[in-house]
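For clarity, every value in this text was computed on a predicted model and none was experimentally measured. Sequence lines set the chain letters: A, B, ... in the order given, protein chains first and strands last, and positions in each chain run from 1.
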Protein chains: 2
Amino acid sequence: MSLTPTHIHTVRDLFFRYGLKSMTMDELARQLGCSKKTIYEHYADKKVLVHAVLGGFLNEHRNEMAALDQNPDNAIAKLIRMAAIGFQKMRNLTPTILFDLQKSYPELWMELERYRKEEIVEIFKRLIERGQHEGLIRKEIDPSVVSIIHLQHTNLLLDPVVFSHLDRPLATIFHNIMEVFVGGITTPQGLEVWNTTKAQMNLQP
Amino acid sequence: MSLTPTHIHTVRDLFFRYGLKSMTMDELARQLGCSKKTIYEHYADKKVLVHAVLGGFLNEHRNEMAALDQNPDNAIAKLIRMAAIGFQKMRNLTPTILFDLQKSYPELWMELERYRKEEIVEIFKRLIERGQHEGLIRKEIDPSVVSIIHLQHTNLLLDPVVFSHLDRPLATIFHNIMEVFVGGITTPQGLEVWNTTKAQMNLQP
DNA sequence: AACTTTGAAAACAAAAAAAGTTTTCAAGAT
DNA sequence: ATCTTGAAAACTTTTTTTGTTTTCAAAGTT
């Protein structure tokens, strides 16, 4: 048996839904309808499997970001689209899986942290700089500082204490965060772009 | 040290957030800022602790139901309020904790199932009968059948596949479910009651 | 029709982790 | 000064999980 992409996607679902600890290899095999032997033929051990699944998740995001980076939108529009994708992906990261990652796969956890703190922040920093050249973002804004602020905004979604008791759709929370953030960094011209972009946007993909 | 109600509430939070398996006794002690010894002075073993926490959760619900049952509302209003509380409580039950319960504490899982399938369904059945006597619910409705339908409605909230991809607030989902359910069982007079009750209701407590 | 191959299912050993117990020790109470 | 308390940490025991191996039956092959 060959463990198709569909299978690996099922594994991701299970890991994300029940956490890495609760989802044992036996349970995984049972849910996939295959034997453990088959899993171990494709993945040396559980750690490799977990890395493959989360690495895939991260790569997906990396690719989406790269694709967006290609297109010829203005900086503000890009920034918003990228943020939307980031927020959308965040919601899959439940407290359980984050907890299990930190505890049992610290290297992978650090890799995810690094990805966010370095790669993503770097992309946003460059976007903000571009926005400044385009005259859409105010010159007083320090791109390094502000891109970290954005990272912290996305972090808020991971903390169940912050917004979840409000019982608002992610779209609403996203919208408000962007309203503050974009409003806070744009020139009058940039604000116009934000208003038109906003009108076109559809957060649920 | 005495493990105050605050502490036990923290334990509940941790169990609900991270699941029963990921939350080990060591981790629990660490988070509570006490020693395992202290925990074991109050609870013979982890099973007892888990039972205490989830028993408390269930009892809370039982008491809220009993309190509502006392007040002199009409059957429709009661039914809606009770449903609202039930839905509200449901959202705490993440896939992880349900999975861990079924796997590691099957007796407790069965007790929760029994509570919902017997006690709660019984309460709703009686309410529907009362509603029929009050002329608010149609006589063709079979209380036994319809109270089970309601149970199944609440079950839908536990399945992450059903509604969560919609990214709607619980309040919206609740409202729609009740719109269908109440609309489906009421007499014209009952429908009026539902419309006025609806206006007063505030789902976020 | 005998013979391979395949892979699920189950049994297994080895390793890891968690439960539960005991010891240590320092801070506060008596 | 002595006693008590309980966190912290060390420790043992039990349980769970991992990862491997074996069994066996169904499907395909010659």
Side-chain angles (χ1 to χ4, degrees), chain A residues 1-55 95-109, chain B residues 1-55 95-109:
Chain A
M1 207 213 192
S2 59
L3 266 281
T4 64
T6 317
H7 288 134
I8 194 77
H9 199 267
T10 305
V11 176
R12 182 197 285 193
D13 274 354
L14 292 167
F15 275 158
F16 277 51
R17 190 171 303 152
Y18 301 116
L20 305 172
K21 190 152 200 177
S22 292
M23 194 46 53
T24 65
M25 295 301 270
D26 279 276
E27 186 62 32
L28 217 49
R30 216 178 58 80
Q31 297 266 355
L32 289 173
C34 73
S35 66
K36 282 203 286 180
K37 189 177 158 188
T38 303
I39 299 180
Y40 279 107
E41 259 158 28
H42 295 262
Y43 300 92
D45 54 31
K46 187 174 184 179
K47 187 175 156 187
V48 170
L49 178 59
V50 172
H51 276 251
V53 167
L54 273 100
T96 316
I97 201 172
L98 296 177
F99 184 89
D100 291 349
L101 265 175
Q102 289 177 66
K103 189 164 179 187
S104 308
Y105 304 87
E107 345 74 59
L108 188 50
W109 169 254
Chain B
M1 204 211 194
S2 59
L3 267 280
T4 64
T6 316
H7 288 134
I8 195 76
H9 199 267
T10 305
V11 175
R12 182 196 285 192
D13 274 355
L14 291 167
F15 275 158
F16 277 50
R17 190 171 302 153
Y18 301 115
L20 304 173
K21 188 152 200 178
S22 292
M23 194 46 52
T24 64
M25 295 302 270
D26 279 276
E27 186 63 30
L28 216 51
R30 216 177 60 78
Q31 298 266 356
L32 289 173
C34 73
S35 67
K36 281 202 288 181
K37 190 178 156 187
T38 303
I39 299 179
Y40 280 108
E41 259 158 28
H42 295 263
Y43 301 92
D45 54 31
K46 187 174 183 179
K47 186 175 156 186
V48 169
L49 178 59
V50 171
H51 276 251
V53 167
L54 273 101
T96 316
I97 201 172
L98 295 177
F99 184 88
D100 290 350
L101 265 175
Q102 287 176 69
K103 190 166 178 185
S104 308
Y105 304 87
E107 344 74 59
L108 187 49
W109 168 255

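- Of the two residues contacting DNA chain D, namely B/Ala29 and B/Lys103, the nearest-nucleotide position lying further toward the 5' end is that of B/Ala29.
- With sequence neighbours excluded, the residues forming a salt bridge (charged side-chain N to carboxylate O under 4.0 Å, His left out) with A/Lys47 are A/Glu107, listed by chain and number.
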Discussion item. What does the B/S/- profile of nucleotides 19-27 of chain D look like, 5' to 3', with a 4.0 Å heavy-atom cutoff to protein?
Written reply: BB-B-----

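- One can place CD1 of B/Ile39 at 12 Å from P of D/dA8, the figure rounded to the nearest angstrom.
- The separation between A/Met23 atom CE and D/dT18 atom C1' is 15 Å, rounded to whole Å.
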Item to complete: Assess whether side chain to side chain contact (heavy atoms under 4.5 Å, CB included) is satisfied between A/Lys46 and A/Tyr105, documenting all intermediate values.
Response: CA-CA 11 Å; A/Lys46 187 174 184 179; A/Tyr105 304 87; 3.6 Å; yes

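- Summarising the geometry, the separation between OH on B/Tyr105 and P on D/dT15 is reported as 13 Å, rounded to the nearest angstrom.
- In this structure, A/Glu41 places its CD atom 15 Å from P of C/dT5, rounding to the nearest Å.
- Among residue pairs with one or both ends in residues 8-19 of chain A, those qualifying as salt bridge (charged side-chain N to carboxylate O under 4.0 Å, His left out) are A/Arg12-A/Glu60; sequence neighbours excluded.
- Partners of A/Thr10 under the side-chain hydrogen bond (donor to acceptor under 3.5 Å, both in side chains) rule, at least two apart in sequence or in another chain, do not exist in this structure.
- Proximity of A/Thr38 to the phosphate of C/dA8: a side-chain N or O atom is located under 4.0 Å from OP1 or OP2.
- What separates CG of A/Asp100 from P of C/dA17 is a distance of 13 Å, to the nearest Å.
- Residues meeting the side-chain hydrogen bond (donor to acceptor under 3.5 Å, both in side chains) test with B/Thr4, sequence neighbours left out: B/His7.
- When rounded to the nearest whole Å, the span between CG of A/Leu28 and C1' of C/dA8 equals 15 Å.
- By the side-chain hydrogen bond (donor to acceptor under 3.5 Å, both in side chains) test, A/Asp26 pairs with A/Lys36, sequence neighbours left out.
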